[in-house]
Every structure is written in C-alpha cells, then in structure tokens.
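Notes for the one structure printed next.
None of the values given here were measured: they were computed from a predicted structure.
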Amino acid sequence: MRPKFDRFGVPDENLRAAEESVKKPNKYELHAYVPTRHEVATLGVKEITNILTGWMCHSPVEIIPSRAQITEVKLVLQERPDATQLSKLVAMCDHYVRGD
C-alpha cells in the first residue's frame, strides 16, 4: 500500500518543473497540481473532478499522467462511499486509460 500523501508516483522534480512551466507565458491554461491519494479519496465531488480534469487534460508534459496512474486513481475513486456520484469521473478515467 502506498502512503496516502503519495502523488501517484510523480517525482518531486517533475512537480517542481511543472510549476515552473505554468509560470511561463503559454497560449493554453496549464495545471501543475497532482492530487494525493488522500485527496482523491476524500475531497468533494466538484473539487476532485476539477483537480483530476486539470491533471489529465491540462498538465504540462512533466506531469502528464500515465495510464497506470489513472488506473490507480480510478481504484481509489471506486472505493469511496460516494462512488456512485463519481460515475462521470470514473468514466473519464476509463476513456483516458483506453486512449479514447
């Protein structure tokens, strides 16, 4: 079992590089935040949806999640007591993993 504050294996160096990337002028809005396992397991539906959408769809190259990482995210989401409210987010994870 991984620590609850693990950021799905994203190295600290990559997180720092991503933070620098979002400071540079860019024509797209980039998100440099990778949630912890604890956050995925406990944040409100809207907040975790915004964070995970940012990570999966708008992150700089240094922290683009792998399919394996999103599979882990999905497992954490499915273990939540409110998992039924997260069905759209789980479906988004499925699409990401399949490469749709």
Side-chain angles (χ1 to χ4, degrees):
M1 177 178 223
R2 296 197 183 202
K4 67 180 181 177
F5 294 105
D6 171 65
R7 294 187 186 274
F8 296 91
V10 176
D12 289 340
E13 304 83 43
N14 290 47
L15 293 168
R16 284 191 294 276
E19 288 170 2
E20 290 302 315
S21 290
V22 300
K23 291 178 185 176
K24 297 175 185 172
N26 194 319
K27 80 180 207 181
Y28 302 105
E29 182 181 344
L30 297 176
H31 296 258
Y33 191 76
V34 177
T36 65
R37 291 172 187 279
H38 179 73
E39 289 170 327
V40 172
T42 62
L43 287 178
V45 173
K46 186 175 180 179
E47 188 172 5
I48 196 57
T49 298
N50 288 338
I51 290 171
L52 289 174
T53 300
W55 185 31
M56 286 189 272
C57 302
H58 305 289
S59 61
V61 67
E62 296 89 350
I63 60 168
I64 292 173
S66 68
R67 288 181 172 133
Q69 288 169 316
I70 298 304
T71 297
E72 290 181 44
V73 166
K74 180 184 160 189
L75 293 172
V76 174
L77 291 171
Q78 290 175 320
E79 292 175 359
R80 290 174 54 134
D82 61 349
T84 57
Q85 295 177 17
L86 296 163
S87 60
K88 289 181 182 178
L89 188 54
V90 169
M92 183 178 173
C93 291
D94 284 334
H95 290 294
Y96 191 95
V97 170
R98 287 193 312 260
D100 296 348

_If I compare all heavy atoms of Val73 with all of Val40, which pair ends up nearest, and what's the gap?_
O-CG1, 4.0 Å
*N/O donor-acceptor pair under 3.5 Å between Glu47 side chain and Gly44 backbone*: no
*State the CD1-CD distance between Ile64 and Glu62, to the nearest 0.5 angstrom.*
8.5 Å
*Would a hydrophobic clustering, with Ile, Leu, Val, Met, Phe, Trp and Tyr connected at side-chain separations under 4.5 Å, put Phe5 with Ile48?*
no
*Examine Ile70 and Ile51 and state if one hydrophobic cluster contains both, with Ile, Leu, Val, Met, Phe, Trp and Tyr joined whenever side-chain heavy atoms are less than 4.5 Å apart.*
yes
_Side-chain heavy atoms of Phe8 within contact of Arg37, under 4.5 Å_ = yes
*Do Met92 and Leu75 share a hydrophobic cluster (ILVMFWY, side-chain heavy atoms under 4.5 Å, transitive)?*
no
*Could you check if a side-chain atom of Asn50 sits within less than 4.5 angstrom of a side-chain atom of Thr53, using non-hydrogen atoms only?*
no
*Keeping the roles fixed (side chain from Arg80, backbone from Leu43), state whether a donor-acceptor pair exists under 3.5 Å.*
yes
*Could you grab the distance from atom CG of Leu77 to atom CG of Asp82, nearest 0.5 Å is fine?*
9.0 Å
*After noting the C-alpha distance and the side-chain angles of Leu30 and Lys24, does the key distance pass the side-chain contact (heavy atoms from CB on, under 4.5 Å) rule?*
CA-CA 10 Å; Leu30 297 176; Lys24 297 175 185 172; over 6 Å; no
*Leu89 CG to Lys46 NZ distance, which is reported to the nearest 0.5 Å*: 14.5 Å
*Please answer whether the main-chain N or O of Ile63 pairs with a side-chain N or O of Asn14 as donor and acceptor at a distance below 3.5 Å.*
no
_Interatomic distance, Gln78 atom CD to Ser87 atom OG [nearest 0.5 angstrom]_ = 11.0 Å
*Are any non-hydrogen side-chain atoms of Lys88 and Thr49 less than 4.5 angstrom apart?*
no
*Do Lys74 and Val97 touch side chain to side chain, with heavy atoms closer than 4.5 Å?*
no
*Ionic contact status for Lys23 with Glu20, cut-off 4.0 Å*: yes
*Is the Lys NZ or Arg CZ of Arg67 less than 6.0 Å from the centre of Tyr96's six-membered ring, within 45° of the axis?*
no
*pair Tyr33-Glu39: side-chain heavy atoms closer than 4.5 Å*: yes
*Heavy atoms, side chains only, cut-off 4.5 Å: are Cys93 and Met56 in contact?*
yes
_hydrophobic_cluster_shared for Leu52 and Val90, side chain cutoff 4.5 Å_ = yes
